[in-house]
Amino acid sequence: MSTMNMVQALNSTLDHIMSGDNSVILLGEDIGKDGGVFRVTEGLQAKYGEERVIDTPLVELGIVGMSVGMSLMGVKAIPEIQFQDFIYTAFDQIINQMAKMRYRSGGGFTLPMVLRTPYGGGIKGGLYHSQSGEAYFAHTAGLVVVTPSNPYDAKGLLISSVESPDPVIFLEPKRLYRAAKIEVPDEDYRVKIGEAARPMEGDDLTIITYGAMVPTVLNTVKKNNLNADVLDLRTLLPMDVNAIISSAKKTGRVVIVHEAPRTLGMGAEISALISERAIEYLYAPILRVTGPDIPFPYRLEDYYMPGEARIMKAVKRVMEFR
Amino acid sequence: MTEMVNEQNEKDVFVRAYTAMVLSRTFDKKIVMAQRQGRIGFYTPSIGQEATQVGLSMALDHDDVIFQYYRDVALMIHRGVPIEVILDQIMGNAEDESKGRQMPSHYTAKKYNFMSVQSPVATNLPLAVGAAYALRYQKKNTVVVATFGDGSTSTPDFHAAMNLAAVFNLPVIFLCENNGWAISLPTEKQTKVEISEKAAAYGMKGIKVDGNNFIETYKATMEAVERARSGKGPTLIDAISFRMGAHSTSDDPSKYRSQTVEEGSEKDPITVAEEQLKSLGYLNDSLIAKIKEESTKMVNDKFDIQEKIPAPVPSTMFDDVYAEKNWIIKEEEDDIL
């Protein structure tokens, strides 16, 4: 066991993966000498060389496109996009190459690659260093989308992602990078893709969340003595439908919390899944607490991010609904 | 296969190249006709680009990897991909390697190191760069080729790939099949400079070659292959030809261009090849007639046979999205089928 934050957990896991598998190559902007702007790849170029930890030119579509080409030749590419906000020039590569290669080659060409990128607000990053674009990727068949909310899951999900035969978008909630240190086992373990966690059990209501909102929800539940079932989805595509539905049936009251904008966000899909499968168990409408449908503001970001007050407002509405 | 041409084998190598060009031309005309008859859905013929594609293929080894675009049938034929494999894809039948999922002209031929064709132009170029990086890392002496049209040179993917290949000094050949047209846009409206000149901006060798002349294209490609294999980095080849047909069977070029190249005219690459091989004494009119006759029979016969293969069974459309179907796809399959 070692006590570490999420950056340390990711860094030591990448180190461990690279030491055990020569076919793994990391590439991205400033990930080598500089160790990445968040230091997730610190020290890896010094240890594994410039050929395996590549400082690339400044071109997101090239980083993703090269990773696809490498993976086709049997290299396991782990590209980093410095901020998820900068990923859009690579969107064509992600949607039309990365996500469709297996399908369009009849299963002949596969892409076991993991695209890592920090996402979300809370670091005073303004419009272009704060976005939560997970729904764009979760809307795309052929991709797997995961997001850890603590150092333990970060390690277990990263190992599972690298071992996955499918291309994975690995979203790192940057606000949590150094938010907490917890015990992380030194040995290998896996957090299964497609499996939600239930960090708190309760009977009165269900709160479904993921990523950077998990600690916010857990603190709110503790502080207000809620008897809540909290689900941390961990995988956004494919979501753990069984965990979602069984909890909704148990409590009959559901609040969904995410930082991304409301319209067509993950909450919309979660709400639809519950409506289709468990509507007769519900005592109240399913409510969403999300970022507003505006670009991410710099100075006023605290008003943008869902917090205790907004979560409790929704919880009260759901609990008091008659 | 790399054809190290010498005095002993030159005749065989050149006649084989010519035969592939004729077969490709015959094939294209047959498929365009079949589309008009409603027997297939769509097609992008290579007519006019046969010399470029065959000249390229002659310079490559089997192990070399090709990230091709959707207009490369002569390249596939010369490289040894059976006509049946090409027909199966165009027909989208149960034997097709991509299981009938892609529209015609979007081939996958793994056995022949042809990667899978995409529609969004130039998105194959960064993949070729990554593949070359991986192959060099694996200590393989393999060359990676990306083919694309002149329109692709305007894209960000072209710029990204050229820059990356040069920065990492990778064994990549960028072969621009410059046929003068990107659907309706002529090359002079696509770019202000010669395409081969763009290479200089990246610190890369650029070659302009007569893509209507398979021998010249072969020589230019051999130069690029040797550069790549000896660790001297990438090359951009601008192979100039003319798109003698429409962009696709859905396109009517009479709307935007009056310029044409007639089949059999002196600008037709097959006519150019015939003149070259006749003057070398490798072909005569009766041999030419025999090659054309055999090509026609082969294409017609194989088309009729492959046409009888049924469509893939419906459940296959849910396969290969992932290694294993997730619950979402299983549920949707149960609902739809």
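In the text below, chain A, chain B and the rest are named by the order of the sequence lines, each starting its count at 1.
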I need the residue from B:K99, B:K110, B:M317, B:Q138 with the largest number of non-hydrogen atom pairs under 4.5 Å to chain A. B:K110

Suppose a student defines contact as a heavy atom less than 4.5 Å from any heavy atom of chain A. Which residues in residues 328-337 of chain B would they list? B:I328, B:E331

Highest number of heavy-atom pairs under 4.5 Å with chain B among A:S67, A:S105, A:G62 belongs to A:S105

Do the non-hydrogen side-chain atoms of B:F148 and B:C176 ever get within less than 4.5 Å of each other? yes

Going by distance alone, is a donor N or O of one side chain under 3.5 Å from an acceptor N or O of the other, for A:R288 and A:H258? no

Taking the basic N atoms (NZ, or NE/NH1/NH2) and the acidic carboxylate oxygens, is any pair closer than 4.0 Å for B:D319 and B:K325? yes

Relative to chain B, which of A:G194, A:G69, A:A99 shows the most heavy atom pairs under 4.5 Å? A:G69

Are A:D240 and A:K192 ion-paired here, with the side-chain N under 4.0 Å from a carboxylate O? no

Leading residue by heavy atom contact count with chain B [cutoff under 4.5 Å; candidates A:L61, A:V68, A:V75]: A:L61

Interface residues of residues 77-84 of chain A facing chain B - non-hydrogen atoms under 4.5 Å apart: none

Checking side chain to side chain contact (heavy atoms under 4.5 Å, CB included) between B:I173 and each of B:I237, B:T147, B:L236, which is the one that passes? B:I237

Could you look at B:Y107 and say if it's the side chain, the backbone, both or neither that has a heavy atom under 4.5 Å from chain A? neither

Counting only heavy atoms closer than 4.5 Å, note whether B:A323 contacts chain A via side chain, backbone, both or neither. both

So, do A:M98 and A:L143 sit near enough that their side-chain heavy atoms are less than 4.5 Å apart? yes

What orientation do A:Y136 and A:Y88 show, parallel under 30°, tilted 30 to 60°, or perpendicular over 60°? perpendicular

Please test B:L125 against B:S152 for side chain to side chain contact (heavy atoms under 4.5 Å, CB included), starting from the C-alpha separation and ending with a verdict. CA-CA 10 Å; B:L125 273 55; B:S152 287; 5.6 Å; no

Leading residue by heavy atom contact count with chain A [cutoff under 4.5 Å; candidates B:V65, B:D157, B:V167, B:V129]: B:D157

Tell me whether the count of non-hydrogen atoms from other residues, nucleotides or ligands lying under 6.0 Å of OH in A:Y189 goes above 12. yes

At a heavy-atom distance under 4.5 Å, which candidate from B:S116, B:P120, B:A134 has the highest pair count against chain A? B:S116

Using a cut-off of 6.0 Å, state whether more than 12 heavy atoms not belonging to A:E280 lie near its atom CD. yes

Lys/Arg-Asp/Glu bridge criterion (N-O < 4.0 Å) met for A:E163, A:R190: yes

Is it the case that more than 12 heavy atoms not belonging to A:Y281 sit under 6.0 Å from its OH atom? no

Inter- and intrachain pairs under side-chain hydrogen bond (donor to acceptor under 3.5 Å, both in side chains), touching residues 263-274 of chain A, at least two apart: A:T263-A:D293

So, the part of B:Q118 with a heavy atom under 4.5 Å from chain A: the answer is both

So if I take each residue of residues 14-37 of chain A and look for any heavy atom under 4.5 Å from a heavy atom in chain B, which residues do I end up with? A:N22, A:I25

Quick check for you: among A:I63, A:D166, A:V59, which has the greatest number of heavy-atom pairs under 4.5 Å with chain B? A:D166

What option among B:T316, B:T108, B:D96 has the most heavy-atom pairs under 4.5 Å with chain A? B:T108

Heavy-atom cut-off 4.5 Å, strictly under: side chain, backbone, both or neither for B:Y133 against chain A? side chain

Quick one, A:R104 with A:Q97, criterion side chain to side chain donor-acceptor pair (under 3.5 Å). Give me CA distance, side-chain angles, the key distance, then yes/no. CA-CA 9 Å; A:R104 78 172 201 239; A:Q97 294 285 6; 3.0 Å; yes

Is A:E50 close to chain B through its backbone or its side chain, or both, or neither, when contacts mean heavy atoms under 4.5 Å? backbone

Will you find, in the side chains of B:D88 and B:Q306, an N or O donor that is under 3.5 Å from an N or O acceptor? yes

